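All remarks here apply to the structure that follows.
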Amino acid sequence: MSVAAVGIEQTITSGTLVLALPLAALAGMVSFLSPCVLPLVPGYLSYVTGMTGEDLAEQRKGRLVGGVALFVLGFTFVFMAYGFFFGGLGRWLHAYEDVITRTLGAVTIVMGLLFMGMFTRLQRTVKSARLPSAGIAGAPLLGALFGLGWTPCIGPTLAAIQALAVTEATPIRGGLLSFVYCVGLGLPFLVTALAYRRALGVFGWVKRHYLLVMRLGGGMLVAIGVLLLTGLWTELNNELRVWIGGFGTVI
């Protein structure tokens, strides 16, 4: 195995990334299903491609997928910057790891309750007054503005992922967690672009069951918070290190 491959393997299998990466992807999907993102998806698709609703329905996929991909790249850049920052912050605060982890656990629990619909007065969405020109050329900038402007709205899920980034205590792992979060958030956009008509039918089902979706998503965040607050996250991490360390490479 090459040195680079060993480095990648160690990055992914050390720390809590084995646990955190699937949660990050799931949190991204939950963010997509939130009431402040899902209802606006058709509008996003129309804006980033410069196409009307009729064009979208006709499945002109090349332009649609290209515009959505650039839009996803825009907010991925913003969220990965958050991940690098919080991962680096965790490295500097490593001496206070236990206190910080438990504090972040309490914050994540509050974020989960907030996502469930409690404390609605604390929820606020900041929207940019200046939007880029409609069309593919403006898609990356609109994605970046989405990452900046919608942070208060998708904040509960994003905050949970950045809390995990702090516990990872390196910029690379923090950035990787945020990237996987963006995969979870961005893939539904791309799937919608590829199967627009069918996706609208799924959107209708989700809208009719928003309460259930929000309760499940919030429950996931609360569970992450409880693991951090009680120290079980660290214990699971230690167990995984021992378990993974028991395996050797075949060649």
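Because the structure is predicted, anything quoted here is derived from the model rather than measured. The residues of the chain are indexed from 1 along the displayed sequence.
Considering all non-hydrogen atoms of both residues, Pro188 and Gly184 come closest at CD-O, 3.0 Å. Taking each heavy atom of Leu177 and Ala20 in turn, the nearest pair found is CD2-CB, 3.5 Å. Scanning both residues, Ala165 and Gly83, for their nearest heavy atoms gives CB-O, 4.3 Å. In plain terms, the two heavy atoms of Val30 and Gly217 that are nearest each other are CG1-CA, 3.9 Å. Taking each heavy atom of Pro39 and Ser34 in turn, the nearest pair found is CD-O, 3.9 Å. When all heavy atoms of Val78 and Gly147 are compared, the closest pair comes out as CG1-C, 4.0 Å.
Listed by chain and number, the residues in a side chain to side chain contact (heavy atoms under 4.5 Å, CB included) with Leu187 are Val183, Leu190 (sequence neighbours excluded). In this structure Phe71 satisfies the ring pair (Phe, Tyr, Trp, His ring centres under 6.0 Å) test together with Tyr44, Phe75, Phe146, Phe189, sequence neighbours excluded. Residues that satisfy the side chain to side chain contact (heavy atoms under 4.5 Å, CB included) test with Thr103, not counting sequence neighbours, are Val99. Ala27 pairs by the side chain to side chain contact (heavy atoms under 4.5 Å, CB included) definition with Thr157, Ile161, Tyr181, Met220, not counting sequence neighbours. Met80 pairs by the side chain to side chain contact (heavy atoms under 4.5 Å, CB included) definition with Thr76, Phe84, Ser178, Phe179, not counting sequence neighbours.
Among residue pairs with one or both ends in residues 100-114, those qualifying as salt bridge (charged side-chain N to carboxylate O under 4.0 Å, His left out) are Asp98-Arg102; sequence neighbours excluded.
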Could you go step by step and tell me if Leu176 and Leu21 meet the side chain to side chain contact (heavy atoms under 4.5 Å, CB included) rule? CA-CA 8 Å; Leu176 180 59; Leu21 290 177; 4.1 Å; yes
Side chain to side chain contact (heavy atoms under 4.5 Å, CB included) assessment of Arg215 paired with Leu211: CA-CA 6 Å; Arg215 292 284 171 82; Leu211 183 61; 3.6 Å; yes
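Separating the CE atom in Met111 from the CG atom in Leu104 is a distance of 11.5 Å, to the nearest 0.5 Å. In this structure, the separation between CZ on Phe86 and CD on Gln162 is 5.5 Å, given to the nearest 0.5 Å. Between the OG1 atom in Thr108 and the CG atom in Leu113 there is a gap of 11.0 Å [rounded to 0.5 Å]. Atom CG of residue Leu89 and atom OG1 of residue Thr170 lie 12.5 Å apart, to the nearest 0.5 angstrom. From Leu227, atom CG reaches atom CD1 of Ile109 across 9.5 Å, with rounding to the nearest 0.5 Å. The distance from the CD1 atom of Ile224 to the CG atom of Leu164 is 5.5 Å, given to the nearest 0.5 Å.
Neither Met29 nor Phe32 shares a network with the other; the hydrophobic side chains, linked directly or stepwise wherever heavy atoms of I, L, V, M, F, W or Y lie under 4.5 Å apart, form separate groups for each.
Side-chain heavy-atom separations under 4.5 angstrom define the hydrophobic clusters, and the remaining members of the one that includes Leu216 are Leu212. Counting side-chain heavy-atom gaps under 4.5 Å among Ile, Leu, Val, Met, Phe, Trp and Tyr, Val191 is found in no cluster with other residues.
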